[in-house]
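These notes concern the structure reproduced below.
The model shown is predicted, which means the values in this text are computed figures rather than measured ones. Atoms within each ligand, like the ligands themselves, are counted from 1 in listed order.
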Amino acid sequence: MQQVTHGPFDWPIADEEVRVALEEAYQDGSWGRYHGPHCEGLAEDLCERFACQKVLLCSSGTVGVELALRGFGAGPGDEVVLAGYDFPGNFRAIEAVGARPVLVDVDPATWCLDAELLESVGGEKIKAVIVSHLHGGLADMPRIMAIANQRGWSVVEDACQQPGASLGGRPVGSWGDAGVLSFGGSKLLTAGRGGAVLTSDAQVFQRMKIYADRGNQAFPLSELQAAVLRPQLKKLDLRNQVREQRVAEIRQATTELSEWLRPVVCRAATRPTYYKFAWSFVAAETRAELRDELIAQLQTAGAPLDAGFRGFARRSERRCRKHGLLAWSERLSQSTLVLHHPVLLAHKKAALQVGQVLNHMVGQLVS
Ligand SMILES: Cc1ncc(COP(=O)(O)O)c(C=O)c1O
């Protein structure tokens, strides 16, 4: 069996500036305080980097999405549109505020909410839309925002997987009425846990703040977390450029099998980032067991690939309203392969080798 010889691919990677930030937070005592300069500084940095006026730091991306919905005033009796293939916590966030999810299919080229289908969704109760940029694909935000604005819906733009990506020259996370970032342990900007909600709407910000303030902050980001995030934010663009280059090389290495491995599409005027990079293993769109077989083989060979999300196409209609058949959400839930990002910052040879191993194994499985 062909083996990947350049792994394992650890995350987070050693970073001298993070070590210095940790030491400084120890020296100045901010590591043990409720309030200090780091959270304030991080909020300012994020406002600048993500072109927004307000930032609410919080304990995770999952909570960030829920806070954004609360900021819009979404609650019982409301509906919130969500893609049929998305992060499971986003479905739960809608339920957590007491609203009902309305599922819309994804665009198979980008793994993201299909803007054309969004146009055809009806319903007086719809209050908001959650749009996630997933697996190296970017949602069509200009069109989604135009539809939402026309209907009076508020939009949460989930940028947890793609900090630093841009669309039409504008940072991802700044298109929606609120944007959400995650600083979870596997993310491109990591503090182990944490998140942020970005907005330029003072009323949304105020509602979120009031909800999160219970005499103390109920979903806080700590000074220590903020301290380690600030140096990472400075390097984000540089690291994203390296990831982009590696992905281009891996795409190149796997073009031979394009009939079997359909990669996420990067559209004109978009610049995605890569927390995950996705392919659909086409044979598994109708035979789910093939994807699981392939992943087991890849993982045994040391290749950092995994299955995508399970999607919501099979959720009970007691819990949600389904707009149409959700055919792609269903297919992608069984055929998606995702490459984890740490390999993209490892040795150049490692990424290429993963591409070659993938090529080899898919070739064997479909021959
Ligand atoms: C698209 C998306 N949204 C939200 C989240 C949640 O982030 P967190 O782990 O910080 O709660 C994730 C985490 O993987 C994600 O992929």
Q: Quick one, list the residues around ligand 1 where some non-hydrogen atom comes in under 4.0 Å, by chain and residue number.
A: S60, G61, T62, F87, L134, D158, C160, Q161, S182, K187, G194, F309

Q) Does F72 have R207 sitting over its ring (NZ/CZ under 6.0 Å from centre, angle to axis within 45°)? A) no

Q. For V338, what are the other residues in its hydrophobic cluster, where any two members join if their side-chain heavy atoms are less than 4.5 angstrom apart?
A. none

Q: Would you please classify the geometry between the Y26 ring and the W31 ring as parallel, tilted or perpendicular, with 30° and 60° separating the classes?
A: parallel

Q: List, by chain and then residue number, the residues other than W153 in its hydrophobic cluster (Ile/Leu/Val/Met/Phe/Trp/Tyr, side-chain heavy atoms under 4.5 Å); write none if there are no others.
A: V81, V102, V104, L113, L117, L118, V121, I126, V129, V131, L138, M141, I144, M145, I147, V155, L167, V172, W175

Q.
Could you check whether any side-chain heavy atom of L261 comes within less than 4.5 Å of a side-chain heavy atom of V362, counting everything from C-beta outward?
A. yes

Q. Pairs in or reaching into residues 125-146: which pass side chain to side chain donor-acceptor pair (under 3.5 Å), with residues at least two apart or in two chains?
A. Y85-H135, D86-S132, N90-S132, E119-R143, S132-D158, H133-E157, H135-Q161

